[in-house]
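One structure is given below, encoded as structure tokens.
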Amino acid sequence: MKLLSYFDAKRIEAGLDEAGRGCLAGPVFAAAVVLPKNFDNAILTDSKLLSEQKRAYLREIIQNEALAWGVGTASAREIDEINIANASYLAMRRAVATLKIKPELLIVDGKYFKPDDETPFKCIIKGDSKYAPIAAASILAKTYRDDYMKNLTPQYPHYLWGINKGYPTKAHRAAIEQYGACEHHRQSFRLLAEK
């Protein structure tokens, strides 16, 4: 299905999405993207539906053609302190704060969002498979987070973050059981599978 180019043709809008909510380790990443109203790309869609190669290809296009884009994070410690939902909103607000253009509307993937200013927003369930700005944000959030976890891998090779990116795979949980958790793990999450 072809993505819609915008939600509101009359306002400068930024698409917002996050990556890494369900991970056991690492920050949650979010991105905000302002695309031209006529932006069109045949393969752009929800990042979860694309290969790593296609995400990397699209990241370059988005960063070159977007009117503005930004990435924000909330750390594992912040996730533990304020919970993953609030940390996701915090990462989104930080992404918006980096934009060189002030959006007049935020279109947010999902059901909920907590703004920190008066900018209007619209939450859209499965927005990353409906609207190009949200899909673009999903690509940036996912690729920046994946890169972050890959860069930690040489320091923590036994967790296999280069492969699992911090998600709760069998191998990741087995490594936590064998080696214990490290400072990048989210202590408020169930790190080991129930027996």
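As the structure is a prediction and not an experimental result, all values here were calculated from the model.
Heavy atoms only, all atoms of each residue included: Arg186 and Val28 are closest at NH2-N, 3.7 Å. Scanning all heavy atoms of the two residues, the minimum distance from Ser47 to Ser138 falls at N-OG, 3.1 Å. Of all heavy-atom pairs spanning Phe189 and Gly22, the tightest one is CE2-C, 4.4 Å. The shortest non-hydrogen separation linking Val33 to Ala66 is CG1-CB, 4.0 Å. Across every non-hydrogen atom of Ala87 and Ala74, the tightest pair is O-CB, 3.4 Å. What you find for Ala31 and Ala141 is that their closest heavy atoms are CB-N, 3.7 Å.
Within the structure, the salt bridge (Lys or Arg N to Asp or Glu O under 4.0 Å) test picks out the following pairs touching residues 24-42 (sequence neighbours left out): Lys2-Asp40. Among residue pairs with one or both ends in residues 94-105, those qualifying as side chain to side chain donor-acceptor pair (under 3.5 Å) are Glu78-Arg94, Lys102-Thr119; sequence neighbours excluded. The salt bridge (Lys or Arg N to Asp or Glu O under 4.0 Å) contacts involving residues 3-13 comprise Asp8-Arg11, where partners must be two or more places apart or lie in separate chains. Screening residues 16-34 for side chain to side chain donor-acceptor pair (under 3.5 Å), with sequence neighbours left out, gives no hits. Residue pairs meeting the ring-ring contact (aromatic ring centres under 6.0 Å, His included) criterion with at least one member in residues 71-93: none, sequence neighbours excluded. The ring-ring contact (aromatic ring centres under 6.0 Å, His included) pairs that include a residue from residues 93-128 are Phe113-Phe121, where partners are two or more places apart or lie in different chains.
No continuous path of hydrophobic side-chain contacts links Met92 to Ile84 [ILVMFWY only; heavy atoms under 4.5 Å]. Connection of Leu24 to Leu152 is established within a shared hydrophobic cluster, with ILVMFWY side chains joined at heavy-atom distances below 4.5 Å, either directly or through further cluster members. By the rule that hydrophobic residues join a cluster once side-chain heavy atoms approach within less than 4.5 Å of another member, Leu35 and Tyr6 end up as members of separate clusters. Under the 4.5 Å side-chain heavy-atom criterion for Ile, Leu, Val, Met, Phe, Trp and Tyr, Leu16 and Leu90 are members of distinct hydrophobic clusters. Connection of Leu49 to Leu3 is not established within any shared hydrophobic cluster, with ILVMFWY side chains joined at heavy-atom distances below 4.5 Å, either directly or through further cluster members.
Remark: Ala14 engages Val34, Leu99, Pro103, Leu106 in a side-chain contact (heavy atoms from CB on, under 4.5 Å) (not counting sequence neighbours). For Asp116, the side chain to side chain donor-acceptor pair (under 3.5 Å) criterion is met by no residue, not counting sequence neighbours. With sequence neighbours left out, Tyr179 forms a ring-ring contact (aromatic ring centres under 6.0 Å, His included) with His158. Evaluation of the ring-ring contact (aromatic ring centres under 6.0 Å, His included) rule for His185 yields Tyr159, Trp161, His172 as partners, not counting sequence neighbours. Remark: Phe7 engages Tyr131 in a ring-ring contact (aromatic ring centres under 6.0 Å, His included) (not counting sequence neighbours). Listed by chain and number, the residues in a ring-ring contact (aromatic ring centres under 6.0 Å, His included) with Tyr148 are Phe29 (sequence neighbours excluded).
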Inset, instruction - Just do the side chain to side chain contact (heavy atoms under 4.5 Å, CB included) check on Cys23 and Met149 with the steps written out, would you? - result: CA-CA 11 Å; Cys23 292; Met149 296 308 292; over 6 Å; no

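A salt bridge does not link Asp146 with Arg59: every distance from a Lys NZ or Arg NE/NH1/NH2 to an Asp or Glu carboxylate oxygen is 4.0 Å or more.
At a threshold of 4.5 Å between non-hydrogen side-chain atoms, the residues Gln63 and Leu140 count as touching. Residues Leu191 and Arg173 fail the side-chain proximity criterion, which asks for heavy atoms closer than 4.5 Å. Between Pro168 and Arg190, the closest side-chain pair of non-hydrogen atoms is not below 4.5 Å. Within the 4.5 Å cutoff, the side chain of Ile79 has no heavy atoms near those of the Asn86 side chain. Side-chain contact between Ile12 and Leu105 is absent, with no heavy-atom pair separated by less than 4.5 Å. Inter-residue side-chain proximity for Leu67 and Pro36 is flagged as met; some heavy-atom pair is nearer than 4.5 Å.
With rounding to the nearest 0.5 angstrom, the CG atom of Leu58 is 14.0 Å from the NZ atom of Lys142. Interatomic distance, OG of Ser5 versus CZ of Phe39, reported as 9.0 Å (0.5 Å rounding). For the atom pair NZ of Lys54 and OG1 of Thr45, the computed distance is 10.5 Å after rounding to the nearest 0.5 Å. The distance from atom OG of Ser88 to atom CG of Asn83, rounded to the nearest 0.5 Å, is 8.5 Å. Summarising the geometry, atom CG belonging to Leu160 is positioned 14.5 Å from atom NZ belonging to Lys170; distances are rounded to the nearest 0.5 Å. Ile62 contributes atom CD1, which lies 5.5 Å from atom CG of Leu44 (distance to the nearest 0.5 angstrom).
A donor-acceptor pair under 3.5 Å is formed between the side chain of Asp80 and the backbone N or O of Gln187. With hydrogens and angles disregarded, a donor-acceptor distance shorter than 3.5 Å links the side chain of Arg93 to the backbone of Lys114.
For Tyr144, the OH atom sits in a packed shell: over 12 heavy atoms of surrounding residues, nucleotides or ligands are nearer than 6.0 Å. Around the NZ atom of Lys150, the shell of radius 6.0 Å holds more than 12 heavy atoms that belong to other residues, nucleotides or ligands.
With no hydrogens or angles considered, no side-chain donor-acceptor pair links Glu52 and Tyr57 at under 3.5 Å.
For the side-chain contact (heavy atoms from CB on, under 4.5 Å) criterion with Asp46, the lone passing option out of Asp128, Ile139, Ile134 is Asp128.
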